[in-house]
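Below, read A as the first sequence line, B as the second, and so on, with proteins coming before strands; counting in each chain starts at 1.
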2 protein chains.
Amino acid sequence: MTIKDIARLAGCGVATVSRVLNGGRDVSEETRKRVLAVVAEQDFHPNNNARHLKQRQDTGVAVLVQGSQNLLFADLVERAQALLRERGRQAELYYLDEAADGAAFAAQLCRERKPAGILFLGGAAWDFQRSFAGVTVPCVLLTGSARGLGFAHLSSLTTDDEEAAFQAVSYLLDRGHREIGVLGGGQPLSQIGRQRLRGCRRALEARGLSLDEGRTEPCRYDMADGYAAARRLMERCPEVTAVFAMSDVLAIGAIRALGDLNLRVPEDVSVMGYDGVFLARYSVPRLTTVCQDTDLMARRGVELLLAQIREEGEPVHETAPFRLLEGASVARPREEKKGV
Amino acid sequence: MTIKDIARLAGCGVATVSRVLNGGRDVSEETRKRVLAVVAEQDFHPNNNARHLKQRQDTGVAVLVQGSQNLLFADLVERAQALLRERGRQAELYYLDEAADGAAFAAQLCRERKPAGILFLGGAAWDFQRSFAGVTVPCVLLTGSARGLGFAHLSSLTTDDEEAAFQAVSYLLDRGHREIGVLGGGQPLSQIGRQRLRGCRRALEARGLSLDEGRTEPCRYDMADGYAAARRLMERCPEVTAVFAMSDVLAIGAIRALGDLNLRVPEDVSVMGYDGVFLARYSVPRLTTVCQDTDLMARRGVELLLAQIREEGEPVHETAPFRLLEGASVARPREEKKGV
DNA sequence: CGCCGTTCTGGAATCGTTTCCAGCATCACT
DNA sequence: AGTGATGCTGGAAACGATTCCAGAACGGCG
């Protein structure tokens with residue numbers, strides 16, 4: 001069943017059928033009706049491969065996600081895919097290992113499948129300049145690192161990670177914590193991780209304290225790593241009264257680790273998360289966390305991508321809002337061992 | 001840069017280049033080397049749209065996931081996609097809302113994109129017979145319902161849901177629980193939900209008890225629904241001493257709900273989960289749950305799909321193993337109010 | 001009536017592959 | 001030397017859409 005058959009059944013030429021199928025300009029109302037009737041009757045769907053071959057581009061959009069266990073992405077991905085579908089664009093999802101070379105994968109995807117655009121979720125600092133040489137496809141980076149933004153077709157929507165980390169640690173300091181451990185940031189430390197660490201340092205230095213490198217535990221963004229890192233941290237630095245985990249997933253792993261060390265949260269040790277995923281609102285105890293607005297991010301990210309696909313102006317770089325969500329995982333330190 | 005240019009540069013015909021690119025049968029070693037050199041030098045990638053148009057099929061595989069918050073699928077999806085990639089098949093992921101008509105979506109996907117196969121994760125009872133009329137694409141159903149297995153191109157790998165539920169509830173009964181609530185199964189109740197309920201009923205009847213319909217709370221598979229359902233259940237039936245949640249995600253929501261009602265887990269109420277996702281091992285308290293082997297399921301599921309794509313024999317229907325994973329969310333009932 | 005502009009139409013070229021098929025060597029064997 | 005089998009090769013015909021372009025039909029106007 002091809003466009004030719006439809007043409008025959010509708011008593012017209014293939015060109016006319018094609019025109020009807022693509023917006024129906026320059027076709028009389030009568031023929032249009034007739035063709036559409038046949039299409040519906042035969043349950044005809046045009047072959048995308050043929051269509052894209054001729055148009056030299058896919059209408060679909062690729063969504064690349066790096067780090068599958070990060071629940072922040074689960075929220076974002078579902079939302080983004082639904083929004084894209086509403087706008088008539090199929091969104092294909094690709095999960096990549098945290099260690100994989102996302103930029104190279106994306107470049108290959110462009111050459112082979114030629115998507116109309118790419119939405120990047122997470123990922124370390126990718127070198128678009130290098131891998132995307134010669135590739136011109138609209139891209140949007142969500143929650144990723146800002147490195148390589150020189151790439152001409154890349155928009156971005158990222159949280160001000162330094163400021164968010166600054167506020168998170170300040171929140172802990174406000175409640176009297178002085179011995180603060182830090183978990184996460186990628187292994188090895190990613191661009192984002194470094195930004196967040198900068199925020200931590202700034203918060204500490206604003207109180208005349210300094211970031212103790214011995215109390216930072218870089219690790220990947222999954223629960224197992226969060227668990228392991230928290231254990232290492234507490235065994236090495238038992239004086240720590242609060243932990244700032246750079247992801248809620250890590251925070252969950254850390255809480256479990258603390259429990260296994262017979263430390264209660266938040267009575268003995270406070271835990272601050274990051275992301276504000278749905279799980280944060282259901283964990284025991286509820287997480288106090290830096291909450292990102294996934295709904296807004298998905299919506300705006302999709303908008304930016306579609307705007308670029310329509311070639312409306314230059315790529316833009318925006319900052320996504322965040323707010324501190326108070327749960328029950330942070331309290332004042334048990335005894336202010338080192339009260340200033 | 002097309003195959004024609006490569007042919008020109010390598011001093012041969014397009015047919016030869018194509019043969020080299022596809023396994024290189026019937027090509028002299030010398031020409032093969034020469035062509036490959038040019039391909040590498042020019043960083044040439046054949047156009048997939050043209051290729052698939054001619055072959056009338058995509059080499060890629062589609063993975064359909066229904067119910068994005070179900071963490072069981074997160075595990076499975078990542079694993080399956082990685083395995084497929086290893087086997088040289090790009091896997092595109094599509095998330096569907098739990099309420100969406102997955103079979104219709106899949107049918108449309110087949111007509112438009114023509115994937116080599118489809119891997120289904122989850123989903124209620126889909127009517128393959130109806131939606132897939134005329135479509136012949138290899139399919140594998142993982143963890144889904146068994147309805148519609150009459151579809152000729154469908155293999156399946158499913159857990160024996162009835163038996164698993166039987167064992168889960170028996171475990172609770174063994175520990176002295178008599179007033180047992182049940183959460184989940186889809187809203188409205190899915191095929192799988194009904195099977196699990198049958199298992200519950202069988203376990204209860206084996207002890208001379210019966211399944212009290214008033215103590216079952218059908219709900220969707222996400223934390224918010226689990227929370228709400230658990231609250232409804234406990235407010236209506238305060239005598240309940242143990243809850244069987246048909247998914248770990250629901251169990252987490254339920255634990256939070258019980259906490260908000262000032263009921264401790266497991267001291268006041270025990271909670272049994274289902275799935276054995278990574279989160280189960282890190283939650284507080286650790287979940288006692290029916291653990292499915294996601295690694296094995298992904299591996300075997302991919303194998304079944306690839307076998308069908310290679311057209312090796314008839315579709316098969318297999319059962320995936322499970323085992324009870326003991327955590328700390330189940331204890332004996334506080335006081336055996338109705339000790340037999 | 002002749003001419004032009006507008007609106008609609010369908011044939012044919014095109015996109016970049018795969019694959020059929022015919023053709024040419026080369027070789028072994030009668 | 002003639003024959004047939006075998007191995008490589010390249011030209012050309014698909015695949016199923018889009019889109020260019022030329023042409024038909026029609027109406028309005030001088």
Step by step, work out the side chain to side chain contact (heavy atoms under 4.5 Å, CB included) result for V61(A) and L305(A). CA-CA 9 Å; V61(A) 165; L305(A) 187 62; 3.5 Å; yes

When you look at K114(A) and R56(A), which way does the side chain to side chain contact (heavy atoms under 4.5 Å, CB included) test go after all the steps? CA-CA 8 Å; K114(A) 306 201 183 306; R56(A) 326 181 69 138; 5.7 Å; no

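For E29(A), the CD atom counts as densely surrounded, since its 6.0 Å shell holds more than 12 non-hydrogen atoms of other residues, nucleotides or ligands.
The distance between atom CD of Q57(B) and atom P of dG16(D), rounded to the nearest whole Å, is 13 Å. Rounded to whole Å, atom P of dG7(D) lies 18 Å from atom CD of E30(B). Distance, L21(B) CG to dT18(C) P: 6 Å, rounded to whole Å. Q55(A) places its CD atom 12 Å from the P atom of dC20(D), with the value rounded to the nearest Å. Spacing between atom CZ of R111(A) and atom C1' of dT17(C) amounts to 18 Å, rounded to whole angstrom units. Atom pair K4(B):NZ and dA12(D):P shows a separation of 11 Å (rounding to whole Å applied). If you take CZ of R113(B) and P of dA17(D), they are 15 Å apart, rounded to a whole angstrom. One interatomic measurement links the two molecules: CG of N22(A) to P of dG16(D), which rounds to 17 Å at whole-angstrom precision.
Looking at R51(B) and N22(B), their side chains do bring a donor and an acceptor atom within 3.5 Å of each other.
Ion pairing between D75(A) and R79(A) fails under the 4.0 Å rule for side-chain N and carboxylate O.
Interatomic distance, CZ of F44(B) versus CG of L21(B), reported as 6.0 Å (0.5 Å rounding). Separation of atoms CG (D97(B)) and CZ (F105(B)) is listed at 12.0 Å; rounding is to 0.5 Å. Between atom CG of residue L142(A) and atom CG of residue L64(A) there is a gap of 12.0 Å, rounded to the nearest 0.5 Å. To the nearest 0.5 Å, atom CD of residue E92(B) and atom CG of residue L84(B) are 11.0 Å apart. Rounding to the nearest 0.5 Å gives a distance of 11.0 Å between CG of D26(A) and OG1 of T31(A). The structure places CD1 of I118(A) at 12.0 Å from CZ of R113(A), a figure rounded to the nearest 0.5 Å.
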What string of B, S and - do you get for nucleotides 6-14 of chain C, 5' to 3', when a contact is any protein heavy atom under 4.0 Å? --SBBBB-B

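Comparing the helix axis at one end of the helix from dC1(C)-dG30(D) to dT30(C)-dA1(D) with that at the other, each defined from 5 consecutive pairs, gives an inter-axis angle of 60° (nearest 10°).
Between S18(A) and dT18(D) there is a side-chain polar atom (N or O) within less than 4.0 angstrom of OP1 or OP2.
Residues of residues 42-52 of chain B that place a heavy atom closer than 4.0 Å to DNA chain D do not occur.
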